[in-house]
Amino acid sequence: MEELKTRLISDDGIRCDGRRLDEIRPIKFQIGVLNNTDGSAYVEWGRTKILVGVMGPRESHPKHLALSDKARVEAYYRMASFSVEEWKSPAPSRREVELSKVIREALEPAIFVELFPRTSIDIFIEVLQADGSTRCASISAASLALVDAGIPMRDLVASIAVGKVEGKLVLDVQDKEDKAGDSDMPMAYMPSKNAVTLLQMDGQITHDEFIQSMELLKKGCLEVYKKQKEAIEAHFKGAISNVEEA
Amino acid sequence: MEELKTRLISDDGIRCDGRRLDEIRPIKFQIGVLNNTDGSAYVEWGRTKILVGVMGPRESHPKHLALSDKARVEAYYRMASFSVEEWKSPAPSRREVELSKVIREALEPAIFVELFPRTSIDIFIEVLQADGSTRCASISAASLALVDAGIPMRDLVASIAVGKVEGKLVLDVQDKEDKAGDSDMPMAYMPSKNAVTLLQMDGQITHDEFIQSMELLKKGCLEVYKKQKEAIEAHFKGAISNVEEA
Amino acid sequence: MEELKTRLISDDGIRCDGRRLDEIRPIKFQIGVLNNTDGSAYVEWGRTKILVGVMGPRESHPKHLALSDKARVEAYYRMASFSVEEWKSPAPSRREVELSKVIREALEPAIFVELFPRTSIDIFIEVLQADGSTRCASISAASLALVDAGIPMRDLVASIAVGKVEGKLVLDVQDKEDKAGDSDMPMAYMPSKNAVTLLQMDGQITHDEFIQSMELLKKGCLEVYKKQKEAIEAHFKGAISNVEEA
Amino acid sequence: MSQRIVPTVKKRQIIELADSGKRMDGRTLTDYREIKIQTGIVDKAEGSAMVSIGGTKVVAGVKFEIGDPFPDIPNEGVMQVGAEFVPFASPDFEPGKPDEVAVELARVVDRGLRESKILETSKLCLIPGKKVWIVHVDVYILDHCGNLIDTAALAALSAMLTATMPEAAVEGENIRLTGNRLPMPITGIPINVTLAKIGNRLFVDPSLEEEEVLDCRFSVAFKENGMLCAIQKGESGYFTPEEILRAVEIAKDKSQEIRKKVVELLKLNDGAVGGS
Amino acid sequence: MSQRIVPTVKKRQIIELADSGKRMDGRTLTDYREIKIQTGIVDKAEGSAMVSIGGTKVVAGVKFEIGDPFPDIPNEGVMQVGAEFVPFASPDFEPGKPDEVAVELARVVDRGLRESKILETSKLCLIPGKKVWIVHVDVYILDHCGNLIDTAALAALSAMLTATMPEAAVEGENIRLTGNRLPMPITGIPINVTLAKIGNRLFVDPSLEEEEVLDCRFSVAFKENGMLCAIQKGESGYFTPEEILRAVEIAKDKSQEIRKKVVELLKLNDGAVGGS
Amino acid sequence: MSQRIVPTVKKRQIIELADSGKRMDGRTLTDYREIKIQTGIVDKAEGSAMVSIGGTKVVAGVKFEIGDPFPDIPNEGVMQVGAEFVPFASPDFEPGKPDEVAVELARVVDRGLRESKILETSKLCLIPGKKVWIVHVDVYILDHCGNLIDTAALAALSAMLTATMPEAAVEGENIRLTGNRLPMPITGIPINVTLAKIGNRLFVDPSLEEEEVLDCRFSVAFKENGMLCAIQKGESGYFTPEEILRAVEIAKDKSQEIRKKVVELLKLNDGAVGGS
């Protein structure tokens with residue numbers, strides 16, 4: 001409790017973990033980390049750690065859920081029982097149900113679903129450790145898992161959150177800032193399409209702060225996007241060198 | 001608690017809400033109150049308030065539940081979480097499951113189910129406020145919703161309850177009388193067929209009281225029946241005048 | 001609590017219920033005890049009382065669970081709410097789920113499943129009173145119910161448990177010995193095939209004790225096997241005399 | 001989709017036979033099948049009974065548990081009645097499926113016991129407002145050959161009438177079980193009688209094949225003093241009021257006959273428990 | 001498998017009509033349908049409201065219950081928002097199916113109320129760290145003709161604003177209800193406004209037929225002081241950032257218009273509750 | 001309906017190869033695949049470990065929670081083991097389906113830890129009879145390439161052995177966390193070894209393709225002192241008693257080999273924790 005009373009932002013605009021207001025945390029993506037999926041990715045985003053596996057396109061089951069004109073996309077966002085401060089029951093909470101829905105809706109616009117009628121694409125997300133922005137990290141990693149699965153995409157979906165802490169807008173809120181802060185606003189964005197596919201906000205901000213937040217979110221998404229592209233490059237370079245070795 | 005100790009019936013046979021022993025509460029039926037159903041009705045029965053919507057006859061889902069020789073009738077009796085004194089969890093209680101069953105069995109004999117093989121007729125009942133006799137009000141209103149859905153009926157099903165309070169048989173028990181009383185006996189009845197389609201009893205009564213109760217119940221059902229018919233007349237008069245206006 | 005401190009085995013090797021170390025409890029099998037099954041059996045094994053009913057081979061439901069090359073065998077082990085010291089909720093516990101699985105796997109190797117492709121064989125077990133070794137009693141009685149259902153079997157499956165109590169190996173542990181004891185090791189066995197179809201162990205034993213236990217278990221299974229055969233003989237003798245009477 | 005051709009033929013046979021006062025299994029219209037009661041079969045339960053009516057078999061067990069009272073009756077114990085269909089009781093039961101039939105059965109059995117007020121719940125209080133005895137009465141349907149309600153009600157009743165309760169010593173907030181057993185605070189023998197209507201005839205204690213073709217069902221419970229204490233009409237047919245009055249008349253007689261049998265089979269001291 | 005041929009034709013019509021600033025039901029792109037609010041309809045609830053926007057109808061009820069506080073905020077009451085889809089509200093709802101749509105709806109309504117901090121939960125504490133008031137706010141969807149979020153949010157708000165709370169006398173560990181009613185510790189009128197994007201146009205308060213063809217949905221709640229207090233983008237399409245900025249502008253105006261209506265319909269003393 | 005033609009061919013190949021002492025992936029019949037252990041990967045958990053055996057990967061986490069003791073052991077903490085199959089671990093897992101395989105896995109892992117008595121639950125008591133530490137040990141299957149039991153058991157063990165526990169100061173009825181960490185009250189390194197029977201041969205640490213054709217499975221856990229502390233035969237085939245004796249011999253050797261590896265990988269002080 002005492003910890004929360006200490007200031008989260010210093011006079012020279014440095015945050016409790018040493019970042020500037022508009023600085024994102026260290027983000028490390030890894031592609032192709034699982035053996036039994038069609039595509040997978042792992043992300044460490046500050047202390048947040050998430051695994052994503054994609055199955056599909058594959059036959060819909062049960063069949064009556066299949067769609068005649070496009071693939072059915074489902075996302076399952078789950079938190080491991082030990083991923084948060086207090087032990088969490090493995091039964092999906094209402095929060096996990098809602099996040100599964102908005103994550104699916106953030107990713108589906110990027111997928112050429114019309115190419116795979118009557119099939120299912122399932123995106124399974126397991127949060128191993130949660131330290132804020134898990135939905136942003138999930139969406140960003142899931143984009144890479146979809147690429148790894150060879151599913152044609154309109155663009156990568158990059159995602160990040162802006163918060164308001166001690167009256168200032170800060171990029172990429174971590175857990176401590178989220179809990180002590182006044183608002184949290186995650187966005188998912190396809191840069192090359194200028195398309196916002198997720199936007200949520202909790203807390204209170206002025207109209208001006210909202211407009212500034214949108215700018216900051218775009219900037220942050222572009223940084224995440226850059227890291228996503230680097231991860232893809234590294235992965236395929238690895239793939240090519242594997243081929244050469246063979 | 002104190003309230004319960006005060007007498008519920010005065011020396012001249014007047015009940016706590018001013019009614020005579022064989023007097024029913026004010027009942028107000030309204031037909032055709034919902035936009036998305038095939039038929040609907042709303043009833044205010046004293047303080048009891050119930051909405052009923054009928055869907056069907058429509059394709060059975062899942063299909064293997066369809067019956068080859070008649071429509072499948074289902075009733076779903078549910079109480080809103082705020083309809084009773086103590087907040088009620090929205091998960092169906094065992095009481096709601098049983099009442100759904102007996103309400104279905106009270107209504108099905110009135111429906112020409114054999115005209116609609118392989119289809120389903122679903123009767124959805126939502127109790128907004130419960131003040132006694134909710135099953136009777138539900139059955140009576142559902143009959144009107146079935147008529148509104150254009151489903152051919154053998155007769156309307158009218159329903160009412162008799163209770164034993166302070167040693168006397170009283171018609172149309174409200175909640176306070178039910179809780180303090182010695183018995184509750186609801187009946188559902190098709191007057192033109194002389195058919196009892198629901199009969200239950202809780203509490204203790206003598207054989208003689210049972211025989212008297214049956215008489216009182218028939219009388220009460222006839223009064224409800226009259227109000228049902230008036231509601232239909234009002235509704236169709238409205239429908240006709242709507243046509244004339246058009 | 002005091003009871004547990006008293007010794008469970010006397011100096012001359014007599015157990016608290018008067019048995020010798022390698023002596024099984026009185027076991028009484030009865031075949032063909034239910035009216036609505038294809039086969040059934042009842043066992044009283046000391047104070048343990050269990051009813052088993054077999055349905056099948058019959059059409060698999062739902063159909064997509066059917067196997068193209070053999071019958072699908074399922075076992076359902078359930079304990080009545082009043083079968084144990086403390087009232088038990090009727091919802092299946094994790095223990096009941098696991099026991100259903102190992103019981104199925106103990107019985108399936110005895111059944112000529114390849115003779116009945118696309119069908120289901122369901123084994124329903126209801127423990128009316130539990131006093132130790134309920135899985136052994138269930139498997140042994142279920143073998144008889146399968147025979148009663150006319151299902152071709154490679155052999156009967158006989159089952160019993162060995163425990164370690166006060167440093168000594170004892171055959172056919174009852175509840176009191178199980179709770180105070182150091183280990184419990186149930187085995188299921190087809191004598192004519194020399195086939196172990198179930199083996200589990202809780203607790204701690206040395207390698208030597210394990211080897212001795214295996215011997216003791218075989219001996220015990222043979223005694224159960226003998227009682228199973230007697231029950232079959234008695235049942236079919238009864239059946240024949242019924243025929244003669246007719 | 002279900003086929004109803006065979007039942008229609010069977011129904012005609014049953015009605016024709018009934019015209020001469022007979023039934024498929026040789027009974028008259030008002031005969032019960034043979035009733036058997038075996039008590040104390042589960043000695044780990046505080047009370048238990050295996051009851052059969054013809055081929056229908058139900059086992060009931062009574063268990064005591066310490067728990068919290070309901071806020072509105074803080075000084076009374078709680079009785080909870082449950083019903084489980086063991087899947088081997090009938091080819092139609094599926095394991096694990098929650099079933100409105102089981103819920104109705106449990107609630108009808110519950111009302112028969114509760115409304116007859118045979119259990120003095122005030123004697124089940126341990127610490128007023130805080131701890132009371134919860135009495136679980138669970139019936140397990142083992143074999144379904146018709147008339148589950150009467151069989152289950154009789155099993156629950158027999159288990160209750162022959163149960164004992166644990167003695168508890170209460171010291172302040174602590175509850176200690178002495179290990180002694182006390183008699184159940186119970187009086188009265190409510191008996192439930194069920195009739196089926198097929199065509200326009202009433203059949204006491206319907207068999208499974210009668211149930212498969214019935215129009216509707218009527219169950220009524222009587223106390224030993226002749227009071228009615230629970231009624232349940234079931235299934236999607238109807239009775240005329242006259243049929244109901246007749247059903248109650250018949251059931252009243254049958255309830256006395258069965259109560260006599262229960263007293264005899266359970267060797268009840270007629271004066272102590274439920275003197276009629 | 002679902003067929004999408006009709007929606008495609010309908011979508012073209014809706015877009016073409018929008019080009020001339022019109023909608024299928026005659027509204028302009030920024031018009032709400034008629035809003036009706038009826039409060040106090042369930043007098044057994046501490047607060048209740050039936051709200052309709054066009055044909056969409058939602059009833060909300062507020063109930064108080066004594067319960068345990070969350071360990072991390074031991075001196076504050078708890079607000080719990082639930083949403084239920086009554087199956088007669090739409091042919092697409094199945095009874096008993098847990099639904100992500102209902103979960104999202106409940107959580108969006110919850111956030112609109114919670115983040116605007118209109119409820120002073122510190123005034124709902126009974127025994128610090130031990131007992132607090134739980135305030136249940138449940139919305140029941142009765143008729144679904146489009147824009148459930150705004151209708152449900154308005155129903156929940158109206159029920160809250162017109163609720164009273166029970167007075168409790170706390171003596172040591174005992175809580176006694178006096179029977180008196182106290183005003184709700186509530187201030188503020190957060191208003192949620194939803195827009196649909198169809199083609200590249202924004203439609204305020206989408207109707208059901210508009211929802212069937214929309215690309216995506218945007219909901220934003222405003223406090224009376226102009227602060228944004230909740231946002232939710234929904235469905236599997238996308239907005240450009242510019243569209244979102246425009247949607248917020250439009251919603252800000254509409255929220256003031258609706259707040260005025262709420263004050264008027266609920267006859268709120270503008271100063272006491274949520275002075276703008 | 002499932003097809004079994006491919007497995008039959010594969011089974012023959014596996015058996016033929018085994019005749020010359022080899023396996024599809026180049027191992028001998030008694031070789032384990034490569035074992036990797038990474039601990040402390042979830043620093044929000046009191047203990048955690050990611051363990052892989054070949055391509056099979058399991059993560060385990062240990063969390064402490066304050067809760068109520070069991071009435072029959074009022075002065076001891078409680079260990080609860082859970083197993084979850086993350087759906088991306090295998091195309092055969094469906095999300096949300098309760099699964100007897102997961103239940104069996106959790107219970108086998110639980111017994112391996114519990115029966116070896118490595119956790120001194122008496123040191124997890126906070127207020128005797130009232131409050132104790134609940135230790136949640138949850139294993140999540142991330143990648144299923146065969147031999148889940150050994151991988152999950154090793155993950156749970158590694159998380160337990162490297163966990164610390166929170167220090168609590170108890171004053172009367174109040175429990176306050178000091179923020180300090182204490183060592184886990186744990187001793188011993190029980191190791192589970194699984195063998196598959198295919199044809200009449202035993203395969204240590206079966207791979208997924210071996211599991212797809214196995215007759216049955218045998219798992220046994222050994223303590224460091226050579227005591228057996230848990231056995232589980234699985235799947236619908238059978239062993240002869242002689243095969244079981246041989247399996248136990250092999251497993252005993254393998255358990256020592258793996259224990260050495262665990263001590264090395266976890267850098268355990270051999271004396272402090274589980275000296276052999």
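Every heavy atom of this structure was used, including side-chain atoms; hydrogens, water molecules and symmetry mates were not. Per chain, numbering begins at 1; letters A, B, ... match sequence-line order.
- With rounding to the nearest 0.5 angstrom, the CG atom of E:Leu228 is 9.5 Å from the CD atom of A:Glu209.
- Interface remark: A:Leu199 contributes backbone and side-chain atoms alike to the contact with chain E (heavy atom separation under 4.5 Å).
- Considering all non-hydrogen atoms of both residues, A:Pro109 and E:Gly237 come closest at CG-O, 3.6 Å.
- Atom CG of A:Asp202 is separated from atom CZ of E:Arg107 by 8.5 Å, given to the nearest 0.5 angstrom.
- Expressed to the nearest 0.5 Å, how far CZ of A:Phe210 lies from CD1 of E:Ile244 amounts to 6.5 Å.
- A:Arg104 has a carboxylate O that lies under 4.0 Å from a charged side-chain N of E:Glu100, or vice versa, which qualifies the two as a salt bridge.
- Residues E:Glu242 and A:Met214 are not in side-chain contact: their nearest non-hydrogen atoms beyond the backbone lie 4.5 Å or more apart.
- By the 4.5 Å heavy-atom criterion applied to side chains, E:Leu245 and A:Ile211 are counted as neighbours.
- Of the residues considered (E:Gly226, E:Cys229, E:Cys216), E:Cys229 shows the highest number of contacts with chain A, using heavy-atom pairs under 4.5 Å.
- Note that CZ of A:Arg154 is 8.0 Å distant from OH of E:Tyr238, once rounded to the nearest 0.5 Å.
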Problem - Intermediate values then yes/no, salt bridge (Lys or Arg N to Asp or Glu O under 4.0 Å), A:Lys101 and E:Glu104 - result: CA-CA 8 Å; A:Lys101 181 175 188 291; E:Glu104 186 192 27; 2.7 Å; yes
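- Looking at every heavy atom in both residues, A:Arg94 comes nearest to E:Val103 through O-CG1, 3.4 Å.
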